[in-house]
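Everything on this sheet refers to the single structure shown next.
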Amino acid sequence: MIQLNHVSLEYPVTRTLALDDINLHIRKGEFVYLIGRSGAGKSSVMNLILKRISPTRGQVLINDEPLSKYRGGKASIHRRRIGMIFQDNMLLPHFTVEDNIALALRVTGVPQKDWHQRITNALKMVSMEHKRSALPLQLSLGEQQRAAIARAIVTSPPIILADEPTGNLDPEISVEIMKLLQQICVRGATVVVATHAKELVENFRHRTITLRKGKIVRDDPYGGYAL
């Protein structure tokens, strides 16, 4: 589903080689961790999949289609088909939970008559139905992140990218978030999680790709945290 073929990425201003001849294939419905120290290249891989940036060399493909073909509106449509979960949940503070989730439906063109049921289904998935009218500041950090996950899944995207989704959360809530991501994967989404959370990677075993200085140095199908 997601392929990086001999991908290198160099930032022209600093001449920094963020990725160096990366080859990676993530199958449909797979759950994959990207681990590595800061600057290893995790966020660069995410940004390439989102087509926020383009590789200096090599090719990125989604469903065998090169992202190099995507321009303008087609690139925007591609990004809307990916559910993105951030460490800082990126909820709009003056919007209710429901309105934050509705924004994802608006930008992807879902008919408004379908919004209520879709939002209800997403909130049920993350056990947040009773908080649909709350503002983000009225929620705990864990609730905010669950609301952000609801926003990411409400359009039923085939790919979920999670960039340090538990970085601001305590261990107990982090476990809840990881269980949610596993459920989303079981329902058919391809889930890619960039994380430093060693205990979670060890306890929730999935394929684990280790990056170091822009190179893949380990690809363990059985998981485990090793830098």
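A side-chain contact (heavy atoms from CB on, under 4.5 Å) with Leu34 is found for exactly one of Thr195, Leu161, Val192, namely Val192. When each of Lys131, Arg132, Arg151 is checked for a salt bridge (charged side-chain N to carboxylate O under 4.0 Å, His left out) with Glu98, only Arg132 meets the rule.
Remark: Arg212 CZ is loosely packed, at most 12 non-hydrogen atoms of other residues, nucleotides or ligands lying under 6.0 Å away. Remark: Arg81 CZ is loosely packed, at most 12 non-hydrogen atoms of other residues, nucleotides or ligands lying under 6.0 Å away.
Looking at Arg118 and Thr155, their side chains never bring a donor and an acceptor atom within 3.5 Å of each other.
Within the 3.5 Å criterion, the main-chain N or O of Gln59 finds no donor-acceptor partner in the side chain of Asn5. Not a single donor-acceptor pair under 3.5 Å links the side chain of Gln145 to the backbone N or O of Thr166.
Considering CG of Asn203 and OH of Tyr225, their distance stands at 13.5 Å, rounded to 0.5 Å. His206 NE2 to Glu30 CD: the interatomic distance, rounded to the nearest 0.5 Å, is 10.5 Å.
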May I have the list of side-chain donor-acceptor pairs in residues 122-129 shorter than 3.5 Å, sequence neighbours left out?
none

For this session: Output, in order, the C-alpha distance, side-chain angles, deciding distance and verdict of side chain to side chain contact (heavy atoms under 4.5 Å, CB included) for Thr96 and Leu135.
Result: CA-CA 4 Å; Thr96 65; Leu135 295 171; 4.2 Å; yes
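Contact record, Leu181 with Ala162: CD1-CB, 4.5 Å, taken as the closest heavy-atom pair.
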